Protein chains: 2
Amino acid sequence: MELKEALDTLKDTGVRITPQRHAILEYLISSMSHPTADDIYKALEGKFPNMSVATVYNNLRVFREVGLVKELTYGDASSRFDFVTTHHYHVICESCGKIVDFHYPGLDEVEHLASHVTGFKISHHRMEIYGTCPDCASKEAH
Amino acid sequence: MELKEALDTLKDTGVRITPQRHAILEYLISSMSHPTADDIYKALEGKFPNMSVATVYNNLRVFREVGLVKELTYGDASSRFDFVTTHHYHVICESCGKIVDFHYPGLDEVEHLASHVTGFKISHHRMEIYGTCPDCASKEAH
DNA sequence: ACACTATTTATAAAGATTATAAAGTAAGAA
DNA sequence: TTCTTACTTTATAATCTTTATAAATAGTGT
């Protein structure tokens, strides 16, 4: 179970497990989506009426530092957060914003060439693919 | 000359050529960097002491809509703007923020597979490569 | 249960971007 | 060239996301 593993990761790195952290992780894992900090804040309003937005941001930062969560910055206003499972890319609908996971073997070759050409020591890369999802495509066609 | 072509593009699409627009384009082309809106604003302060930040933002949006400029959104606070010449990717130093252009044949295969797996109609993709530049690498090593 | 320290909360502050309305100006028409 | 009109710019305020601060609260090992 992913939640248990995530909590173990926190324990191992000496991060305290608070009810808020538990709930945020649970939401990230179960929602199967790529929520913004505000999405999470709103989703947990019922359970934690007094939780501060800062708590959401603080904990997302902690999770990111520990490697449990990845922050996705697209063109729009706010970051999205993705619980890290296996390495995958995202396909994003430009019309409705839907994000679909997409597995693809790592682009090691690109990193090697980049390293060779620029002299950088490469650590990682990011890639996203943009287009129109089937739903929006059929709507456009009437 | 790139500036002339850019101005022609504006004329063709019915976008008025104002001194501010001229100067912003000129700066984007000649600076050879990837400035933020504020960088541009500051760089043109001398020539246009009364120019408003809103003008910079408005025109960068116009340029983007016309296809002259690409907006780059990374993790940090503000967007960077890149004058579109040929298709290329960016290699970014995680230590000092330097951005180096990197040419690589388009990843058509990735787009095809993504289209096949998700049913999306793919329009484009973005990719960036992260690492440490030679300067920062040598500093780290003393 | 205690003590220590990290965390949460509430609030304010910072920073980037956008909205608004009045004044100004580019570009084609007369 | 001058006129006219719609588009731009300016100045300012508002909005939105994210971070900083300080006091109150609550995990965790002993």
Side-chain angles (χ1 to χ4, degrees), chain A residues 6-27 34-66 68-81 97, chain B residues 6-27 34-66 68-81 97:
Chain A
L7 294 174
D8 284 347
T9 302
L10 291 187
K11 203 173 259 175
D12 290 349
T13 41
V15 174
R16 287 188 188 166
I17 298 167
T18 66
Q20 294 88 338
R21 284 179 178 159
H22 192 285
I24 293 173
L25 276 179
E26 198 171 19
Y27 180 74
H34 307 77
T36 64
D38 198 57
D39 290 337
I40 299 170
Y41 177 62
K42 288 208 172 63
L44 300 181
E45 238 174 6
K47 220 183 249 178
F48 297 89
N50 294 324
M51 184 166 64
S52 167
V53 233
T55 299
V56 178
Y57 279 100
N58 286 339
N59 289 330
L60 288 171
R61 174 157 30 84
V62 169
F63 296 158
R64 189 190 54 203
E65 285 165 359
V66 170
L68 282 177
V69 158
K70 237 176 129 179
E71 181 171 359
L72 315 172
T73 58
Y74 304 133
D76 56 346
S78 43
S79 289
R80 288 158 182 288
F81 296 87
Chain B
L7 294 174
D8 284 346
T9 301
L10 290 187
K11 204 174 259 176
D12 291 349
T13 40
V15 174
R16 286 188 188 166
I17 298 167
T18 66
Q20 293 88 341
R21 282 179 180 160
H22 192 285
I24 293 172
L25 275 179
E26 199 171 18
Y27 180 75
H34 307 78
T36 63
D38 198 57
D39 289 338
I40 299 171
Y41 177 63
K42 288 208 172 62
L44 301 180
E45 239 173 6
K47 219 184 252 178
F48 297 89
N50 295 322
M51 186 165 65
S52 167
V53 234
T55 299
V56 178
Y57 279 101
N58 286 338
N59 290 330
L60 287 172
R61 175 157 29 83
V62 169
F63 296 157
R64 189 190 54 203
E65 285 166 359
V66 170
L68 283 177
V69 159
K70 237 176 130 178
E71 182 172 0
L72 314 171
T73 58
Y74 304 134
D76 56 345
S78 43
S79 290
R80 286 156 184 289
F81 295 87

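Since the model is a prediction, treat every value here as computed from it, not as a measurement. Convention: sequence-line order gives letters A, B, ...; per-chain numbering from 1.
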Query raised in the report: Looking across every strand, which nucleic acid part, if any, lies under 4.0 Å from B:Pro19 by heavy atom: base, sugar-phosphate, or nothing?
Result: sugar-phosphate
Query raised in the report: Does A:Gln20 place a side-chain N or O at less than 4.0 Å from the phosphate oxygens OP1/OP2 of D:dA26?
Result: no
Query raised in the report: Between A:Leu72 (CG) and D:dT17 (P), how many Å, whole number?
Result: 17 Å
Query raised in the report: OP1, OP2 of D:dT8 versus side-chain N and O of B:Thr18: anything below 4.0 Å?
Result: no
Query raised in the report: Taking the side chain as C-beta and beyond, is there a heavy-atom pair between B:Phe48 and B:Thr55 under 4.5 Å?
Result: no
Report task. Take atom CZ of A:Arg21 and atom P of D:dA26, then tell me their distance rounded to the nearest Å. Result -> 15 Å
Query raised in the report: Does A:Arg16 place a side-chain N or O at less than 4.0 Å from the phosphate oxygens OP1/OP2 of D:dA26?
Result: no
Query - Atom-to-atom span, CZ of A:Arg64 to C1' of D:dT19 - whole angstrom - result: 12 Å
Report task. For the pair B:Ile40 and B:Leu60, evaluate side-chain contact (heavy atoms from CB on, under 4.5 Å) and give the outcome as yes or no after the intermediate values. Result -> CA-CA 10 Å; B:Ile40 299 171; B:Leu60 287 172; 4.0 Å; yes
**Report entry** Given DNA chain C, 5'-ward residue of the pair B:Phe81 and B:Asn58, judged by closest heavy atom
**Finding:** B:Phe81
Query raised in the report: Can you tell me how far P of D:dT8 sits from CG of B:Leu10, to the nearest Å?
Result: 10 Å
Report summary line: Correct closest heavy-atom pair for A:Val53 and A:Tyr41 would be N-CE1, 3.7 Å
Query - Nearest-angstrom distance from the residue atom CZ of B:Arg61 to P of D:dC7 - result: 15 Å
Report task. Could you grab the distance from atom NE2 of A:His34 to atom OG of A:Ser79, nearest 0.5 Å is fine? Result -> 13.5 Å
Report task. Go through the steps to decide whether B:Leu44 and B:Val56 satisfy the test side-chain contact (heavy atoms from CB on, under 4.5 Å), and finish with yes or no. Result -> CA-CA 10 Å; B:Leu44 301 180; B:Val56 178; 5.9 Å; no
Report task. Would you mind classifying the nucleic acid contact of B:Asn59 as base, sugar-phosphate or nothing, using non-hydrogen atoms under 4.0 angstrom? Result -> sugar-phosphate
Query raised in the report: Given atom CD1 of B:Ile17 and atom P of D:dT8, what is their separation to the nearest angstrom?
Result: 11 Å
Report summary line: From CZ of B:Phe48 across to P of D:dT9 the rounded distance in Å is 10 Å
Query raised in the report: What nucleic acid atoms does B:Ser78 come within less than 4.0 Å of, heavy atoms only: base, sugar-phosphate, or nothing?
Result: sugar-phosphate
Report task. Would you classify A:Thr36 as touching base, sugar-phosphate or nothing, given that sugar-phosphate means primed atoms plus P, OP1 and OP2, and contacts are heavy atoms under 4.0 Å? Result -> nothing
Query - Flag for A:Asp12-A:Thr9: side-chain donor and acceptor within less than 3.5 Å - result: no
Query raised in the report: Short question: side chain of B:Arg21, backbone of B:Asn59 - any donor-acceptor pair under 3.5 Å?
Result: no
Report task. Quickly work out the A:Asp38 CG to D:dC16 P distance and round it to whole Å. Result -> 10 Å
Query raised in the report: Which residue lies toward the 5' end of DNA chain D, A:Ala77 or A:Lys11, if each is placed at its nearest nucleotide?
Result: A:Ala77
Query raised in the report: Between which nucleotides of DNA chain C, read 5' to 3', does contact with chain B run, using atoms under 4.0 Å from its heavy atoms?
Result: C:dA16 to C:dA27
